[in-house]
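We number each residue from 1, following the sequence as shown. Source: prediction; values computed, not measured.
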Amino acid sequence: MPKMIISVDGVVIGQVALAKNRTTLGRRAYNDIVIDNLAVSGEHAVLHMSGGEVEIEDLNSTNGTYVNALAVQKQALQDNDVIEVGGCRIHFRSHSNLMAGPGSVRASLSEYSAPMPLSSAPTESGALVELGVPVLRVLSGANEGQDVPLQKVVTTIGKPGVAVAVVTRRRQGYVAATVVGSVTLNGAPLGAEAVALQEGDVLELGGASRMQFVRI
């Protein structure tokens, strides 16, 4: 049975067995494969399976569907093809030993995102240092004083139409990048390239809100 291996920034967040003739992919919760990222359209793409062959079709998504770095409208998939939608990479495997069952074709970023362990940084002596729970503390804006926990692999912040950024958890730490609008990091413009976050860094989104990266 074919399967999809879903990853963000090189971190595998889920594996999905393709058990249906038609499998939908998108940001909306009713899709079979849910990718909770603003760069992904509500109904982004669909996977058609017939006689063991799988074909992907883009559903006129805003940011497109890519196979092996090339934009496609409709294309048959080969073993080891890499599909890209938004900031998510999906490796296609034509054969899988995954067992299909209820819910086996649902894979959202939030479902496969585990909180960072509190004690996960070994020192030279081998002891573990407690790092604390990473959050974005809202310094100004509608939710001033609140903390946004960074428990997902990808956390989207900001307001569509004003400014939107994403904070991504990687093995080495957290990084931030702009999706749309004017976003600054410590007063300097933040682009689409991911930049590592340090304790105390401040993100400002279109002048509407300010958030500080801290551990509590």
Side-chain angles (χ1 to χ4, degrees), residues 1-98 100 102-113 152-168 170 175 177-181 183 191-194:
M1 180 181 297
K3 72 174 179 180
M4 315 296 278
I5 302 173
I6 305 169
S7 64
V8 174
D9 291 316
V11 179
V12 175
I13 59 173
Q15 298 188 32
V16 180
L18 298 180
K20 304 197 304 180
N21 292 335
R22 188 177 188 275
T23 300
T24 60
L25 181 155
R27 193 177 71 252
R28 302 299 182 191
Y30 52 72
N31 286 284
D32 298 305
I33 300 176
V34 181
I35 301 179
D36 186 14
N37 189 314
L38 287 177
V40 177
S41 296
E43 298 175 1
H44 197 103
V46 61
L47 295 153
H48 303 283
M49 184 168 67
S50 177
E53 299 297 319
V54 178
E55 182 180 69
I56 190 166
E57 179 182 2
D58 183 79
L59 298 177
N60 297 317
S61 63
T62 300
N63 294 312
T65 298
Y66 295 79
V67 176
N68 301 328
L70 296 176
V72 301
Q73 183 60 41
K74 182 183 288 188
Q75 181 166 314
L77 296 177
Q78 305 297 323
D79 191 36
N80 293 320
D81 276 352
V82 177
I83 303 162
E84 293 182 73
V85 291
C88 183
R89 291 167 65 88
I90 305 173
H91 288 74
F92 173 73
R93 297 290 184 268
S94 59
H95 298 286
S96 166
N97 56 9
L98 287 174
S104 64
V105 293
R106 295 192 59 79
S108 72
L109 296 187
S110 56
E111 289 172 10
Y112 288 94
S113 305
K152 298 180 181 181
V153 172
V154 178
T155 301
T156 304
I157 56 175
K159 183 178 180 180
V162 180
V164 177
V166 291
V167 176
T168 304
R170 294 180 176 175
V175 298
T178 297
V179 174
V180 66
V183 181
E193 292 294 323

* Heavy-atom side-chain proximity of Leu38 to Val180 below 4.5 angstrom ->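 Result no, sub-4.5 Å side-chain heavy-atom pair not found.
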* Does any non-hydrogen side-chain atom of Ile35 lie less than 4.5 Å from one of Ile90? ->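 Counting from C-beta outward, Ile90 and Ile35 do come under 4.5 Å.
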So which atom in [X] and which in [Y] form the shortest heavy-atom distance, rounded to 0.1 Å?
X	Y	result
Val54	Met49	CG2-CG, 4.0 Å
Pro2	Phe92	CB-CE1, 3.8 Å
Val85	Val40	O-CG2, 3.9 Å
His48	Val46	NE2-CG1, 3.4 Å

How far does [atom1] of [X] sit from [atom2] of [Y], to the nearest 0.5 angstrom?
X	Y	atom1	atom2	answer
Glu55	Lys74	CD	NZ	5.0 Å
Met4	Ile83	CE	CD1	3.5 Å
Asp32	Arg22	CG	CZ	8.5 Å
Asn31	Leu59	CG	CG	9.0 Å
Cys88	Ile33	SG	CD1	9.0 Å
Asn68	Glu84	CG	CD	8.5 Å

Is a side-chain N or O of [X] found less than 3.5 angstrom from the main chain of [Y], in a donor-acceptor match?
X	Y	result
His44	Asn60	no
Gln75	Ile56	no
Asn63	Ala39	yes
Arg93	Lys3	no
Ser41	Thr62	yes
Asp58	Ala45	no

